[in-house]
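Worksheet: one structure, shown below.
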Amino acid sequence: MPELPEVETIKNELLPEISGRRIVRVEIKDDKPIRKSSPKEFLKYLVGKEIKGLDRRGKYLIFHLSKGVLIIHLRMTGVLLLNSQENERFARIVFKLDDGNTIVFSDRRRLGVMWVAENEEEVSIKLGTEPLSKEFTVEAFKQRLQSRKAPIKAVLLDQSFIAGIGNMYADEALFQARIHPLKKANDLSLVKIRKLHRAIITILKAAIKNKGASIDTYRSPDGRQGTAHNEFKVAHRKNCVCPECGGLIDRIMIRNRGSYFCPACQKLS
DNA sequence: CATTGTCCCTGGAAGC
DNA sequence: TGCTTCCAGGGACAAT
């Protein structure tokens with residue numbers, strides 16, 4: 001599932017290949033992903049535009065065009081493949097570039113979305129702090145946690161609180177900080193807040209270095225899997241042995257999301 | 001505003 | 001073997 005490290009990897013790998021290229025054709029095999037305009041208007045907006053840049057904001061990809069932007073969210077099973085040679089059974093939208101390259105948006109479960117807009121403001125405005133930016137300080141983190149009495153796991157998944165963390169990396173960060181996922185956010189000690197702040201940054205950076213995690217269908221644009229999931233200690237490891245204490249990893253539901261943690265290492269009290 | 005529950009979506013796994 | 005049921009979870013949305 002694409003979270004911040006996966007989307008960052010896609011951005012890093014795609015940008016040098018498509019920068020300065022012009023979109024010459026767009027094939028819509030399935031119009032479900034297209035939002036906020038008709039498929040016809042979507043095509044008209046994109047064809048002829050040059051790709052000037054590519055940014056990530058939270059889990060969103062922002063393609064900067066010669067005029068306006070293309071915004072893509074991959075949700076659960078979306079991938080962007082460059083010149084895919086695979087039999088693309090799940091190809092939804094195909095972008096053809098002026099150098100012959102193609103970008104294929106492929107999405108097994110059809111939950112991914114994309115739309116064109118004048119700028120990225122509508123996305124930026126609703127998203128919280130970027131965890132890998134200078135704005136993400138212990139002080140600001142602590143300040144904002146004070147008004148949250150929900151479980152810390154739920155708060156980490158709130159994109160308006162902090163942008164880009166999803167289920168996998170929230171579980172990993174909480175384990176590294178030894179915090180129970182049900183711990184109330186405004187009940188964390190300063191020591192725990194510092195640990196969690198550090199854990200979020202190190203977990204995300206390590207995952208980017210490993211080109212993301214391929215737990216489900218995730219692939220980078222060259223079709224390869226990431227390796228970040230090989231280093232997961234608790235995420236998606238129910239009934240596996242905790243690498244720290246040898247106990248069993250448990251899984252509970254928090255806000256309808258499976259939360260993996262070590263009951264022995266991550267105490268609630 | 002903060003919080004929580006429901007819905008979308010479908011292939012693969014699990015169960016019978 | 002083949003059918004049915006369940007499961008995964010990001011984010012929009014509504015309700016409280």
Side-chain angles (χ1 to χ4, degrees), chain A residues 1-8 10 29-37 56-62 71-80 86-93 105-115 117 120 122-131 141 143-174 181-188 204 207 212-219 225 228-229 232 234-239 249-261:
Chain A
M1 309 123 202
E3 301 181 20
L4 187 153
E6 290 74 30
V7 180
E8 182 74 14
I10 292 170
K29 296 172 180 295
D30 175 13
D31 63 16
K32 180 158 191 307
I34 299 169
R35 302 298 164 93
K36 300 175 194 277
S37 81
R56 179 194 58 76
R57 187 72 178 88
K59 300 173 198 169
Y60 290 86
L61 282 164
I62 316 284
I71 299 171
I72 298 182
H73 195 300
L74 301 167
R75 294 280 178 90
M76 300 298 299
T77 54
V79 291
L80 286 178
E86 298 172 43
N87 174 23
E88 272 308 316
R89 184 178 162 200
F90 306 119
R92 309 292 176 193
I93 315 281
F105 169 69
S106 178
D107 187 13
R108 197 181 73 186
R109 276 162 61 188
R110 302 174 77 216
L111 289 166
V113 294
M114 64 178 69
W115 69 93
E120 69 268 44
E122 60 193 299
V123 161
S124 298
I125 209 161
K126 66 181 178 183
L127 292 177
T129 315
E130 284 289 336
F141 190 42
Q143 190 69 30
R144 299 196 60 211
L145 284 170
Q146 283 174 1
S147 63
R148 298 294 199 127
K149 60 181 181 184
I152 183 62
K153 171 72 187 283
V155 175
L156 291 180
L157 293 179
D158 181 348
Q159 301 301 298
S160 68
F161 183 86
I162 185 166
I165 297 176
N167 208 33
M168 302 183 297
Y169 296 109
D171 284 352
E172 287 301 303
L174 288 170
L182 283 174
K183 181 78 174 172
K184 284 189 176 193
N186 63 0
D187 202 26
L188 289 167
L204 292 176
S214 291
I215 283 288
D216 200 348
T217 56
Y218 173 75
R219 299 285 186 282
Q225 296 195 353
H229 54 284
F232 282 175
V234 294
H236 294 270
R237 294 196 183 280
K238 181 173 159 59
N239 290 334
I249 303 301
D250 199 2
R251 178 177 181 269
I252 58 173
M253 297 302 281
I254 301 176
R255 286 201 54 197
N256 281 328
R257 266 71 176 155
S259 293
Y260 300 84
F261 70 108

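Throughout, protein chains are lettered first and strands after them, A, B, ... in sequence-line order, and every chain is numbered starting at 1. Predicted model only: the values in this text are computed from it and were never measured.
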For the pair made of [atom1] in [X] and [atom2] in [N], what is the distance, rounded to whole Å?
| X | N | atom1 | atom2 | value |
| --- | --- | --- | --- | --- |
| Ile254(A) | dG9(C) | CD1 | C1' | 14 Å |
| Trp115(A) | dG11(C) | CH2 | P | 10 Å |
| Met1(A) | dA8(C) | CE | C1' | 6 Å |
| Leu127(A) | dG11(C) | CG | C1' | 11 Å |
| Arg144(A) | dA2(B) | CZ | P | 8 Å |
| Tyr260(A) | dC7(C) | OH | P | 12 Å |
| Ile252(A) | dA8(C) | CD1 | C1' | 17 Å |
| Arg57(A) | dG11(C) | CZ | C1' | 16 Å |

Open item on the list: Looking at Lys32(A) and Arg110(A), would you say the former's side chain and the latter's main chain have a donor-acceptor pair under 3.5 Å?
Closed with: yes
TODO: Check every strand shown and say whether Ser147(A) touches a base, only sugar-phosphate, or nothing at a heavy-atom separation below 4.0 Å.
DONE: sugar-phosphate
Open item on the list: Heavy atoms only, 4.0 Å cut-off, all strands: where does Arg35(A) land among base, sugar-phosphate and nothing?
Closed with: nothing
Task: Lys149(A) vs dA2(B): side-chain N/O to OP1/OP2 distance below 4.0 Å - done: no
TODO: Please determine which of Pro2(A), Pro33(A), Ser106(A) meets the side chain to side chain contact (heavy atoms under 4.5 Å, CB included) test together with Leu74(A).
DONE: Pro2(A)
Open item on the list: Out of the candidates Leu157(A), Ile165(A), Asp158(A), only one should pair with Phe161(A) under the side chain to side chain contact (heavy atoms under 4.5 Å, CB included) rule; please name it.
Closed with: Asp158(A)
- [ ] Count the heavy atoms belonging to other residues, nucleotides or ligands that lie under 6.0 Å from NZ of Lys149(A), then report whether that count exceeds 12.
- [x] no
Would you say [X] and [Y] make side-chain contact, with heavy atoms under 4.5 Å?
| X | Y | result |
| --- | --- | --- |
| Thr77(A) | Leu111(A) | no |
| Asp107(A) | Asp30(A) | no |
| Gln225(A) | Arg219(A) | yes |

Open item on the list: If the threshold is 4.0 Å, N to carboxylate O, is there a salt bridge linking Arg57(A) and Glu130(A)?
Closed with: yes
TODO: Report the end-to-end axis angle of the helix from dA2(B)-dT16(C) to dC16(B)-dG2(C); each axis comes from five terminal pairs, and the value is rounded to 10°.
DONE: 40°
Open item on the list: Does either side chain, that of Tyr218(A) or that of Glu3(A), offer a donor lying less than 3.5 Å from an acceptor on the other one?
Closed with: no
TODO: Can you check each nucleotide of nucleotides 6-11 of chain B against protein heavy atoms at under 4.0 Å and return B for base, S for sugar-phosphate only, - for none, in 5' to 3' order?
DONE: B-BBBS
TODO: Of all the heavy-atom pairs spanning Arg35(A) and Trp115(A), show the shortest one and how long it is.
DONE: O-CB, 3.0 Å
TODO: Would you jot down, in residue-number order, the residues of residues 157-174 of chain A having a non-hydrogen atom under 4.0 Å from DNA chain C?
DONE: Gln159(A), Asn167(A)
TODO: First locate atom NZ of Lys184(A), then atom CD1 of Ile152(A), and finally report the distance between them rounded to the nearest 0.5 Å.
DONE: 13.0 Å
